[in-house]
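Here the structure is laid out as structure tokens; the discussion comes afterwards.
Remember, predicted model here, so these are calculated numbers, not experimental data.
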Amino acid sequence: MGLFSSFLSNDVDVITDPEFTSLFAKARLLKGQRSYYLEPCDAGTFTVAPDWTGRAYTHQESNVTVLFPHPIDILTSKINGWKKRTLELSN
């Protein structure tokens, strides 16, 4: 995995099984361990249309499948999260 020099965030959100977090820590890939880091997330943080996987780029490597969501789905999820946080703050 690589990052463009214009990357504006230091984290890459990763939705995965919880047991992988310890592997990320051992590989020193988490926040506080490097300037660009992986951010393990719960699947509920990515709230988009149910058909998002049809637009995603899928890469299979051995027994691991990686799905890269379409940028529109990422934007939709970010907007949904922003709206949720805004509503929580206003109450």
Side-chain angles (χ1 to χ4, degrees):
M1 183 183 311
L3 300 173
F4 289 109
S5 59
S6 60
F7 197 62
L8 299 177
S9 178
N10 286 10
D11 68 312
V12 176
D13 293 340
V14 179
I15 298 171
T16 187
D17 294 327
E19 64 265 16
F20 281 99
T21 302
S22 62
L23 296 173
F24 296 155
K26 187 175 180 178
R28 304 194 47 78
L29 296 172
L30 297 175
K31 187 174 187 175
Q33 295 180 313
R34 59 179 55 223
S35 57
Y36 291 100
Y37 57 92
L38 298 181
E39 182 74 41
C41 299
D42 181 79
T45 60
F46 188 64
T47 54
V48 292
D51 62 345
W52 74 272
T53 56
R55 290 181 295 278
Y57 171 78
T58 303
H59 180 78
Q60 179 77 37
E61 192 71 41
S62 186
N63 64 338
V64 175
T65 302
V66 180
L67 281 82
F68 295 94
H70 188 279
I72 293 296
D73 290 311
I74 294 171
L75 179 61
T76 301
S77 180
K78 295 288 186 185
I79 291 170
N80 286 339
W82 174 78
K83 284 174 29 180
K84 181 180 176 184
R85 284 188 302 279
T86 302
L87 288 172
E88 289 171 356
L89 290 174
S90 66
N91 288 331

Non-neighbouring partners of [X] that pass side chain to side chain contact (heavy atoms under 4.5 Å, CB included), sequence neighbours left out:
X     : result
Thr53 : Leu67
Ala27 : Leu29
Leu23 : Phe20
Asp51 : Ala49, Arg55

Q | Which atom of Pro69 lies closest to which atom of Ala56, heavy atoms considered | A | CA-CB, 4.1 Å

Q: Specify the closest pair of heavy atoms between Val48 and Asp73, including all atoms of both residues, with the distance to one decimal.
A: CG1-O, 3.1 Å

(Q) Between Ser77 and Thr45 (side chain of the first, backbone of the second, donor and acceptor by atom type, cut-off under 3.5 Å), is there such a pair? (A) yes

Q: Please list, chain by chain and in numerical order, all residues satisfying side-chain hydrogen bond (donor to acceptor under 3.5 Å, both in side chains) with Glu61, sequence neighbours excluded.
A: His59

Q | Residues in side-chain hydrogen bond (donor to acceptor under 3.5 Å, both in side chains) contact with Thr65, at least two apart in sequence or another chain | A | Gln60

Q: Classify the ring geometry between Trp52 and Phe46 as parallel (under 30°), tilted (30 to 60°) or perpendicular (over 60°).
A: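 Because their plane-to-plane angle is over 60°, the rings of Trp52 and Phe46 count as perpendicular.
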
(Q) Applying salt bridge (Lys or Arg N to Asp or Glu O under 4.0 Å) as the test, list every pair that has at least one member in residues 24-44; sequence neighbours left out. (A) none

Q) Same hydrophobic cluster for Val12 and Leu30, using side-chain heavy-atom links shorter than 4.5 Å among ILVMFWY? A) yes

Q: Is it possible for you to say whether Tyr57 and Val64 belong to one hydrophobic cluster, with membership spreading through side-chain heavy-atom contacts below 4.5 Å?
A: yes

Q. Which residues, ordered by chain and number, are linked to Ile72 in its hydrophobic cluster, where ILVMFWY side chains connect at heavy-atom gaps below 4.5 Å, directly or through other members?
A.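 Same cluster as Ile72: nobody, lone residue.
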
**Q.** Shared-cluster residues of Ile79, by chain and number - hydrophobic side chains joined below 4.5 Å
**A.** Leu75

Q. Quick one: ring-ring contact (aromatic ring centres under 6.0 Å, His included) partners of Phe24, sequence neighbours excluded?
A. none

Q.
Going by salt bridge (Lys or Arg N to Asp or Glu O under 4.0 Å), name the residues that satisfy it together with Lys78, two or more places apart in sequence or in a different chain.
A. Asp13

